[in-house]
Amino acid sequence: MISKRLSIVASFVPQGAVLLDVGSDHAYLPIELVESGKIERAIAGEVVVGPYQSAVKNVETHGLVDKIQVRLANGLAAFEETDQVSTITIAGMGGRLIATILEEGLDKLSSVNRLILQPNNREDELRVWLQAHGLQIVAESILEEAGKYYEIIVVEAGTMKLSASEVRFGPFLLQEISPVFVEKWQKEAGKLEYALDQIPEKNLAERQILIDKIQAIKEVLHASK
Ligand code: SAM
């Protein structure tokens with residue numbers, strides 16, 4: 001059984017896709033997708049030897065060596081055009097690292113139909129990067145698991161023009177305003193209010209940055225009522 005987070009990532013993988021999972025430490029995601037019959041073959045890419053070996057062992061244990069190739073590689077170096085990869089998943093890493101991985105393999109993305117990204121932080125920076133590189137968000141999801149909030153961003157080729165609010169909150173998440181979204185941003189506002197209380201009154205500029213952030217959250221949550 002994979003985590004709720006990974007199962008939502010998996011739900012965005014199209015039926016019959018050829019998958020590259022970047023940072024596939026146990027190859028959980030490709031194994032689940034092949035075993036469920038949603039896909040027939042996948043590449044599990046991993047840059048660190050220990051996690052790579054865990055992925056190799058898991059794929060062997062599940063008897064899937066003919067369907068899942070585990071490759072020791074940095075980011076998108078894990079595949080060539082001849083692999084005909086159609087979908088790439090990158091989950092469980094920081095938003096900046098995800099953008100760096102995509103940037104370093106940008107020339108390879110033209111043959112890929114869909115990216116499913118699950119940044120652990122800096123979702124706004126990732127959205128800005130996607131917008132600047134001819135990529136368009138086509139769906140988003142938000143979930144809570146073990147007290148943490150995760151956003152999943154599904155991307156295809158295309159252009160988009162996000163407002164500041166869409167960059168921060170996510171264009172689709174902002175339209176949906178799900179209960180999990182409200183919970184995440186209420187907690188975030190609480191943290192920012194606490195941080196604001198710690199800043200001396202005289203540090204006006206520093207305080208204003210937090211006041212603006214809190215205000216933006218309150219506006220979004222208020223509009224949802
Ligand atoms: N994707 C899995 C998940 O979401 O549960 C594993 C997440 S784990 C926290 C991140 C993994 O990505 C680590 O095993 C790390 O070694 C790997 N990783 C980090 N940078 C990478 C890169 N540039 N190329 C391939 N793997 C990378």
Side-chain angles (χ1 to χ4, degrees), residues 1-14 17-36 38-39 41-62 64 67-81 83 85-109 111-112 114-123 125-127 129-130 133 135 137 139-155 170 180 184:
M1 253 271 286
I2 56 172
S3 63
K4 176 160 84 170
R5 176 180 60 83
L6 284 181
S7 69
I8 298 178
V9 171
S11 73
F12 287 108
V13 174
V18 177
L19 178 74
L20 166 65
D21 182 37
V22 176
S24 199
D25 61 354
H26 291 86
Y28 288 142
L29 186 62
I31 290 172
E32 167 69 19
L33 283 162
V34 171
E35 286 190 336
S36 71
K38 197 170 191 189
I39 66 171
R41 64 190 177 92
I43 298 165
E46 178 49 65
V47 76
V48 177
V49 174
Y52 159 80
Q53 286 167 340
S54 304
V56 169
K57 196 164 156 243
N58 251 353
V59 169
E60 283 172 1
T61 309
H62 284 255
L64 293 175
K67 298 196 165 171
I68 301 173
Q69 284 189 26
V70 185
R71 298 182 183 169
L72 186 62
N74 184 356
L76 305 192
F79 82 107
E80 298 297 336
E81 215 175 316
D83 292 310
V85 165
S86 64
T87 298
I88 297 177
T89 47
I90 312 180
M93 298 177 210
R96 269 190 195 161
L97 177 55
I98 293 178
T100 302
I101 288 172
L102 295 174
E103 178 118 25
E104 286 175 357
L106 205 53
D107 53 323
K108 288 176 149 181
L109 288 183
S111 62
V112 175
R114 173 171 279 204
L115 310 174
I116 303 153
L117 312 172
Q118 183 268 298
N120 283 344
N121 57 33
R122 297 185 193 273
E123 295 85 355
E125 289 185 30
L126 181 58
R127 289 189 185 98
W129 185 91
L130 294 168
H133 290 82
L135 293 161
I137 299 174
E140 289 175 315
S141 188
I142 186 166
L143 70 135
E144 181 273 332
E145 189 167 50
K148 285 191 180 161
Y149 295 92
Y150 300 101
E151 295 183 15
I152 294 167
I153 304 175
V154 185
V155 176
V180 178
K184 169 182 170 157

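All values below come from the heavy atoms of this structure, side chains included, with hydrogens, waters and symmetry mates left out. Given the structure is predicted, the values throughout are model-derived calculations rather than measurements. Note that ligands are numbered from 1 as they come in the structure, with each ligand's atoms numbered from 1 the same way.
In this structure, Lys38 places its NZ atom where more than 12 heavy-atom neighbours from other residues, nucleotides or ligands lie under 6.0 Å away.
The salt bridge (Lys or Arg N to Asp or Glu O under 4.0 Å) analysis of residues 95-108, with sequence neighbours excluded, yields the pairs Arg96-Glu125.
Taking all atoms of both residues into account, the shortest heavy-atom contact from Ile39 to Val13 is CG2-CG1, 4.0 Å.
Take Tyr52 and apply the ring-ring contact (aromatic ring centres under 6.0 Å, His included) test, not counting sequence neighbours, and it matches no residue. Scanning for salt bridge (Lys or Arg N to Asp or Glu O under 4.0 Å) contacts around Glu46 gives an empty result, with sequence neighbours left out.
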What are the polar N/O contacts of ligand 1 with the protein below 3.5 Å, with distances?
from: ligand 1; atom 1: 1 (N); to: Gly23; atom 2: O; distance (Å): 2.7
from: ligand 1; atom 1: 1 (N); to: Ala91; atom 2: O; distance (Å): 3.0
from: ligand 1; atom 1: 4 (O); to: Arg5; atom 2: NH1; distance (Å): 2.7
from: ligand 1; atom 1: 4 (O); to: Arg5; atom 2: NH2; distance (Å): 3.4
from: ligand 1; atom 1: 4 (O); to: Ala91; atom 2: O; distance (Å): 3.3
from: ligand 1; atom 1: 5 (O); to: Arg5; atom 2: NH2; distance (Å): 2.8
from: ligand 1; atom 1: 14 (O); to: Glu46; atom 2: OE1; distance (Å): 2.7
from: ligand 1; atom 1: 14 (O); to: Glu46; atom 2: OE2; distance (Å): 3.3
from: ligand 1; atom 1: 16 (O); to: Glu46; atom 2: OE2; distance (Å): 2.6
from: ligand 1; atom 1: 23 (N); to: Asn74; atom 2: OD1; distance (Å): 2.8
from: ligand 1; atom 1: 24 (N); to: Gly75; atom 2: N; distance (Å): 2.8
from: ligand 1; atom 1: 26 (N); to: Val47; atom 2: N; distance (Å): 3.4

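In this structure, the side chain of Asp83 engages the main chain of Glu80 through a donor-acceptor pair within 3.5 Å.
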